[in-house]
Amino acid sequence: MTKLTRRQLLGTGAALGTTLAAGALPRMASAQSGEITVTAFGGVWEEAVRSCFVAPFEEKTGAKANVSLGGPAQWLAQVEADPSDPPVDMLIMTPDLALAAADADLVEDFTVEKLPNLAEIPQQFTDSVKGKGTIFDYGVGGITYNKQVVSEPPKSFAEFVDRVADGEFIASLPSISYAVTPIMLIWAMAEALGGGVDNVDPFFEAMAKMKDNVVFWGGPNDFFNHLASGEADLGIYFDGRTWNHYDSGAEWIDFINPEEGGSLNGVAVQIPKNADPLAWDYVNEILDAQNQAKFAKIMNYGVTNRNVTYDEVLAPRVTPWQKTVFPPYARIIEVRNEWVDRWNREIGG
């Protein structure tokens, strides 16, 4: 069985990179001066990180959090290059790279003793990265459509495949060049159609049926352009990005979580070994319910603290994680290269 090396994982993650509670807390620093370096993607992500996490951290500790922009592959490579004195004190990671960091023993174990707010994060999110971090926000890969041309959208992956294969719709699907495609499309559709991580034949059979009525997107903006131009009618896309487009004026767009459940695509937080102890205070703020609720409102994505209450606009948009399918990230990593090779043979670029 082909397995990704850590270096291969870093290359995979690069695509996405261009894409505490109040009071005295155990082991948490307080009222001390110091500086740490935290990570964030650019754009609205940076704005959300600064207002939702950096600001409360600095107010509570009197320390400063400097924000390093970039992507998971870059940050993990930096930690790997100097694990005794990591240049960043926390990591925002995709699940595959979070698992690479865990397997390389580069990151700390997460416990409630160190992070009191971890008690409010369902255990599945911490277990998914082997306890060496946790998922704090997530998007769901489902069916996004142009409701001006699709009056009765498919409610399931199975219906999606049948109606696209029959020529009723032109579908826009993520290409194999998009880093999350193995999870949000190959595995999710195989799982929905009776297969799974050990049997992706149903996915490739579905693609063979749909091939005459499919276009591919390599980046999220490509998908939106396909729907806006009429090149496609619907496709597989993320809930949060769909609502961001809606809020930007594209009120013709809508999203459905398939009946089988769309794939949960999480973003994890980790702390490198030998990081500044203040990193624990900072990550505890990331896991705080009030801070996560504010982050969710800005980003239009779901968050993982069970005590978060979404406002009346966001509540119907966020797909509860219990209604998604939780990818077996570690097992997908083991077979991902095989899936990519098969895609290249049977589907093409």
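Residues forming a salt bridge (Lys or Arg N to Asp or Glu O under 4.0 Å) with K211 (at least two apart in sequence, or on another chain): none.
Distance check: Q148 CD to L227 CG gives 10.5 Å after rounding to the nearest 0.5 Å. Annotation: the span from D109 atom CG to I271 atom CD1 amounts to 11.0 Å, rounded to 0.5 Å. N117 CG to I286 CD1: the interatomic distance, rounded to the nearest 0.5 Å, is 11.0 Å.
Side chain of R241 to main chain of N300: no donor-acceptor pair is present (N/O by atom type, distance under 3.5 Å, no hydrogens or angles). The closest donor-acceptor contact from the side chain of E260 to the backbone of L193 lies at 3.5 Å or more, if one exists at all. The backbone N or O of F57 sits nowhere less than 3.5 Å from a side-chain atom of D281 that would complete a donor-acceptor pair. In this structure a side-chain-to-backbone donor-acceptor pair under 3.5 Å is missing from E120 to N307.
The pair E46-R50 meets the salt-bridge criterion, since a charged nitrogen lies less than 4.0 angstrom from a carboxylate oxygen. Taking a cutoff of 4.0 Å between a charged side-chain nitrogen and a carboxylate oxygen, K297 and D311 qualify as a salt bridge.
You'll find the ring centres of Y301 and F136 outside the 6.0 Å limit. In this structure, F125 has its ring center closer than 6.0 angstrom to the ring center of W321. In this structure, the ring of F157 has its center no less than 6.0 angstrom from the ring center of W187. Here the two rings, on W243 and Y310, have centers that are 6.0 Å apart or farther.
Using modelled atom types and a 3.5 Å distance limit, the side chains of Q292 and N305 yield no donor-acceptor pair.
The number of heavy atoms from other shown groups lying within 6.0 Å of CD (Q322) is above 12.
The two residues V303 and A296 make their nearest non-hydrogen contact at CG1-CB, 4.0 Å. When all heavy atoms of D89 and A279 are compared, the closest pair comes out as O-CB, 3.2 Å. Between V318 and G302 the shortest heavy-atom distance is CG1-CA, 3.7 Å.
Each of W217, Y145, Y178 was compared with Y237 under the ring pair (Phe, Tyr, Trp, His ring centres under 6.0 Å) criterion, and only W217 meets it.
Applying the salt bridge (Lys or Arg N to Asp or Glu O under 4.0 Å) rule to pairs touching residues 245-256 yields D247-R317, sequence neighbours excluded.
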